[in-house]
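Okay, so here's the structure we're looking at.
In what follows, every chain begins at residue 1, and chains take the letters A, B, ... in the order their sequences are listed. Just so you know, these numbers come straight off a predicted model, no measurement behind them. Hydrogens, waters and symmetry mates are skipped; everything else that's a heavy atom, side chains included, is used.
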Amino acid sequence: MISTDETERVRQIAVWSRALTVAECDRVRAGMQIRTYGRGETLGAEGQPVEHWIGVLEGLVKVGTVSPDGKDITFAGMHAGGWFGEGSLLKNECRRYEVVALRPTRAVLLDRATFFWLYENSVPFNQFLITQLNERLGQFIGLIEHARKLDTTTRVARALAGLFNPVLYPGAGQTLAITQEELGLLAGVSRPIANQALRDLERQGLVHVTYGEVTVPDPLALMHLGEERQINTE
DNA sequence: ACATTAAATTCGA
DNA sequence: TCGAATTTAATGT
């Protein structure tokens with residue numbers, strides 16, 4: 001069970017919770033706990049049973065895997081408002097990816113029993129899940145489609161644009177607190193390369209870089225950098 | 001890897 | 001509690 005002021009914060013980042021009745025909300029609160037993670041700490045290890053659906057309250061986490069040849073592959077970055085783990089929960093399988101905090105992070109954990117109770121009882125919750133899955137699918141299709149010709153600047157642009165997805169991170173503004181090192185970790189490039197890419201993007205007017213944060217006026221333009229045509233993911 | 005700049009923290013009044 | 005001094009963090013090349 002989480003406290004009342006924590007509930008307030010959870011409501012801010014969990015759009016799906018806003019449509020719940022008071023009774024539903026109480027039940028969900030009872031299945032929640034809040035945990036904090038230090039830099040580099042694991043929120044969920046690859047191959048481990050998945051016991052929770054996790055939402056990021058604050059901080060930054062990286063979802064990815066380490067391939068057999070030792071290459072570190074990042075699938076997505078997550079910040080406040082991002083939820084993950086529903087795929088493994090629904091399929092009742094162990095976690096396919098590792099989830100690591102890139103900076104001190106606070107997250108809310110919803111236990112699997114409550115997750116499934118919502119899944120079976122709440123229409124808004126299911127709508128949220130479907131919307132989120134669909135959004136992710138669109139992003140991955142874009143990734144696969146252009147995986148071949150991704151230069152470093154485009155990779156950084158993608159990683160950054162992903163963090164500005166308005167469906168996955170509702171309520172986020174145009175400015176995100178992220179260091180160039182963190183962005184490099186998400187994009188799979190070194191910090192100096194991330195710096196170079198950001199300056200490149202800034203020259204193109206796609207981003208504005210200030211100390212410890214990046215402003216993106218048009219995330220879609222950033223996401224579709226380098227594409228000749230728009231992909232239809234409907 | 002190094003030099004520069006920004007921010008956060010400490011410390012003395 | 002104010003601001004200067006110091007340390008730590010982030011950036012740019």
Using the 3.5 Å cut-off, write out each protein N or O paired with an N or O of nucleotides 1-4 of chain B and the distance between them.
none

Requested in this report: Indicate the ring-plane relationship of A:Phe116 and A:Tyr119, choosing parallel, tilted or perpendicular according to the 30° and 60° boundaries.
Outcome: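 Taking A:Tyr119 first and then A:Phe116, their aromatic rings stand perpendicular (interplane angle over 60°).
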Does either side chain, that of [X] or that of [Y], offer a donor lying less than 3.5 Å from an acceptor on the other one?
| X | Y | result |
| --- | --- | --- |
| A:Asp200 | A:Gln196 | no |
| A:Glu135 | A:Asn165 | yes |
| A:Thr131 | A:Asn134 | no |
| A:Thr65 | A:Glu46 | yes |
| A:Ser17 | A:Arg11 | no |

Listing time: all N or O pairs from protein to nucleotides 6-9 of chain B that are below 3.5 Å?
none

Report summary line: Min and max contacting nt of DNA chain C in 5' to 3' order, chain A heavy atoms within under 4.0 angstrom, are C:dA9 to C:dT13
Report task. Can you run down the ring pair (Phe, Tyr, Trp, His ring centres under 6.0 Å) pairs that involve residues 191-223 of chain A, sequence neighbours left out, and say none if there aren't any? Result ->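 Matches after skipping sequence neighbours: none remain.
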Query raised in the report: Are A:Glu182 and A:Arg103 within salt-bridge range, i.e. N to O under 4.0 Å?
Result: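 So A:Glu182 pairs with A:Arg103 through a salt bridge.
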Query raised in the report: Mind checking what makes salt bridge (charged side-chain N to carboxylate O under 4.0 Å, His left out) contact with A:Arg112, not counting sequence neighbours?
Result: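 Partners of A:Arg112 by the salt bridge (charged side-chain N to carboxylate O under 4.0 Å, His left out) criterion come out as none, since no residue qualifies.
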Report task. Would you mind telling me which residue lines up with the more 5' stretch of DNA chain C, A:Arg39 or A:Gln196, judged by nearest nucleotide? Result -> A:Arg39
Report task. Could you list the residues that satisfy ring-ring contact (aromatic ring centres under 6.0 Å, His included) with A:Tyr169, not counting sequence neighbours? Result -> A:His79
